[in-house]
Amino acid sequence: MTKLIGEELLSKLKETEDLGKSDQARACGYFEERDDGSQRINFMDFYAAVSDARSLVETLDSDGDNEIDSLPAEWSALTEDQRNQKIISEKVDPEILKIFSRIDEHKYSVALSENTPANVLDQLREEGDYFVGQALVMRCLPLEIRCLDESDICSLIQSGTIQVDALAKLATANSWNIREAVASAPNASEATLRAALADKDPSIQEIAAKKLIPDDLRELSSEQLAKKIISGEIDAESLDIVIKSSDWKVRFASHLVSEGELDDFSLESKKAFAYRCFDALNRDGDLILGDDQKLIILRSGSAGDEDYTITLEKVVLDEDGDPDDYEQLGYYDNSIESVESAIQDYLANDGLIGDLENSLPS
């Protein structure tokens with residue numbers, strides 16, 4: 001795989017910002033294949049490339065100073081914070097806002113401003129910046145609210161202060177905190193909750209599902225729900241809600257139904273344990289196993305793959321006994337069968353079943 005550099009490297013870092021540094025480095029091509037099939041991360045080359053890429057971007061962004069110099073004196077004499085405050089709070093000439101929309105430090109404020117022309121907003125939207133995109137969604141709120149800190153906005157959402165129509169738009173926000181608050185809002189409409197049910201984050205799906213679950217199923221335990229799924233007592237529409245509202249036991253039962261393996265339903269079986277691991281990897285991310293971190297099963301998008309994969313890695317310690325690197329012991333696709341293989345390899349490499357059990361949700 002080609003090592004990414006420059007803007008391509010920074011773009012990949014943004015795409016993989018939820019991953020650990022070793023997985024980011026691997027996704028950007030900074031690894032070597034050993035003869036035994038394992039991989040070694042080239043952290044030095046990776047960090048040097050990141051530094052070079054950021055320096056280049058800073059050089060290019062310095063052209064924004066020329067844009068500032070072209071503004072009327074009332075703007076050029078202000079500090080960056082003062083300009084941002086003025087952009088948001090005052091009725092600024094649209095032509096001035098167009099200039100500020102080309103300067104990274106002011107794009108967020110331009111996105112919040114009441115006076116920004118529609119074509120400028122469209123351009124900012126097309127650029128795809130995370131924080132600017134967040135500001136664009138916040139335009140559904142009154143000006144005095146959209147400029148508050150995110151935590152204050154979340155508090156208002158959860159108190160039921162924000163209008164129902166605005167909640168529907170906020171359900172698409174980039175911020176997990178905002179979307180979580182929307183799902184929790186006491187005045188969220190059914191349509192908004194169903195949008196949250198389709199959220200990419202399982203925890204937000206769960207909040208919405210627990211509000212949408214039919215009353216006759218709400219009080220049942222996860223094991224009771226699982227048995228109803230196996231027996232076919234839950235209709236298809238309710239099933240999607242039930243699956244997202246409960247724990248791995250319900251999802252395991254649903255998996256068996258979809259695979260036609262009803263006779264394999266036992267929460268104590270090896271397959272159930274493998275599914276429990278599989279579910280945790282898909283919902284919670286990495287499974288860090290053992291206090292000394294000698295072996296790790298983790299879910300990652302390593303080597304730039306679009307589909308998430310599972311790796312079994314061993315921590316390499318330096319001469320002082322501190323974690324220094326990771327050695328890949330196994331590489332698996334994201335399926336129950338592969339998780340079963342990963343567990344077997346984990347145990348074969350002196351991994352402890354107790355560490356694995358303790359890392360999983362109950």
Side-chain angles (χ1 to χ4, degrees), residues 10 13-21 24 78-90 92 97 100-101 103-116 120-121 124-125 127-212 244-245 283-286 288 361:
L10 295 181
L13 288 179
K14 188 166 185 177
E15 289 177 21
T16 59
E17 60 187 356
D18 292 336
L19 301 181
K21 288 300 181 187
Q24 284 192 308
L78 299 177
T79 66
E80 180 181 310
D81 288 343
Q82 289 171 332
R83 287 193 293 268
N84 281 325
Q85 183 61 38
K86 188 177 177 70
I87 289 170
I88 295 172
S89 62
E90 298 184 13
V92 179
L97 290 173
F100 280 124
S101 73
I103 303 172
D104 286 345
E105 292 80 3
H106 299 298
K107 289 181 178 181
Y108 185 89
S109 299
V110 171
L112 288 177
S113 173
E114 295 273 70
N115 305 302
T116 304
V120 174
L121 294 175
L124 291 173
R125 192 173 288 109
E127 290 178 8
D129 180 85
Y130 176 94
F131 294 104
V132 175
Q134 178 81 353
L136 291 168
V137 173
M138 292 298 176
R139 291 178 62 84
C140 67
L141 298 172
L143 184 61
E144 66 273 13
I145 295 179
R146 75 178 75 156
C147 298
L148 295 175
D149 289 339
E150 184 176 282
S151 59
D152 293 329
I153 294 175
C154 288
S155 295
L156 290 173
I157 292 171
Q158 292 174 323
S159 70
T161 302
I162 304 302
Q163 293 184 353
V164 173
D165 291 347
L167 290 178
K169 295 177 181 178
L170 292 173
T172 66
N174 291 332
S175 166
W176 179 91
N177 292 321
I178 294 290
R179 300 199 315 277
E180 190 268 347
V182 169
S184 304
N187 59 330
S189 66
E190 180 177 343
T192 296
L193 290 175
R194 289 195 176 276
L197 191 68
D199 193 275
K200 60 186 178 183
D201 188 277
S203 63
I204 294 176
Q205 295 174 10
E206 183 176 349
I207 294 170
K210 286 184 174 178
K211 288 187 171 186
L212 291 168
K244 293 175 180 178
S245 72
R283 292 176 67 84
D284 301 321
D286 297 358
I288 308 299

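Quick caveat, the model's predicted, so the values are computed rather than measured. For reference, positions follow the sequence shown, starting with 1.
Distance check: M138 CE to L143 CG gives 13.0 Å after rounding to the nearest 0.5 Å. We find the NZ-CD1 distance between K244 and I207 to be 13.5 Å, quoted to the nearest 0.5 Å. The CZ atom of F100 sits 6.0 Å away from the CZ atom of R83 when rounded to the nearest 0.5 Å. Rounding to the nearest 0.5 Å gives a distance of 10.0 Å between CG of L136 and OH of Y108. Interatomic distance, CD1 of I153 versus SG of C147, reported as 8.0 Å (0.5 Å rounding).
When all heavy atoms are compared, the tightest approach of Q158 to S184 is NE2-CB, 4.2 Å. Across all non-hydrogen atoms, the minimal contact from Q134 to A173 is OE1-CB, 3.7 Å. When all heavy atoms are compared, the tightest approach of A181 to I157 is O-CG2, 3.4 Å. The shortest non-hydrogen separation linking L170 to L141 is CD1-CD2, 3.9 Å. Among all heavy-atom pairs drawn from I178 and C154, the shortest one is CD1-SG, 3.8 Å. Residue S101 comes nearest to L124 through the heavy atom pair O-CD2, 3.9 Å, listed as atom of the first residue, atom of the second, then distance.
For the side chain to side chain donor-acceptor pair (under 3.5 Å) test, residues two or more places apart in sequence or in another chain that qualify with K107 are D104, E127. With sequence neighbours left out, the side-chain contact (heavy atoms from CB on, under 4.5 Å) criterion links A196 to A183, I204, A208. For S155, there are no side-chain contact (heavy atoms from CB on, under 4.5 Å) partners two or more places apart in sequence or in a different chain. Annotation: side-chain contact (heavy atoms from CB on, under 4.5 Å) contacts of P142 (sequence neighbours excluded): E144, I145. A search for salt bridge (Lys or Arg N to Asp or Glu O under 4.0 Å) contacts involving K86 returns E74, E90, not counting sequence neighbours. With sequence neighbours excluded, the residues forming a salt bridge (Lys or Arg N to Asp or Glu O under 4.0 Å) with R146 are E114, listed by chain and number. The side chain to side chain donor-acceptor pair (under 3.5 Å) search around D152 returns none, not counting sequence neighbours. Residues passing the salt bridge (Lys or Arg N to Asp or Glu O under 4.0 Å) test with K169: none are found, sequence neighbours excluded. For S113, the side-chain contact (heavy atoms from CB on, under 4.5 Å) partners are I87, L97, N115, T116, not counting sequence neighbours. For T79, the side chain to side chain donor-acceptor pair (under 3.5 Å) partners are Q82, not counting sequence neighbours. Remark: S109 engages N84 in a side chain to side chain donor-acceptor pair (under 3.5 Å) (not counting sequence neighbours).
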Kindly determine whether V182 and T192 satisfy side chain to side chain contact (heavy atoms under 4.5 Å, CB included), including the steps that lead there.
-> CA-CA 8 Å; V182 169; T192 296; 3.5 Å; yes
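Sequence neighbours left out, the pairs with a member in residues 192-210 that pass salt bridge (charged side-chain N to carboxylate O under 4.0 Å, His left out) are R179-D199, E190-R194, R194-E237, E206-K210, E206-R283.
Using a distance-only test at 3.5 Å, with no hydrogens or angles considered, no donor-acceptor pair links the side chain of N177 to the main chain of S151.
Under the 4.5 Å side-chain criterion, counting only non-hydrogen atoms from C-beta, L148 is in contact with L156. In this structure, the side chains of L167 and S189 stay at 4.5 Å or more apart for every pair of heavy atoms.
Around atom CD of Q163, no more than 12 heavy atoms belonging to other residues, nucleotides or ligands sit under 6.0 Å away.
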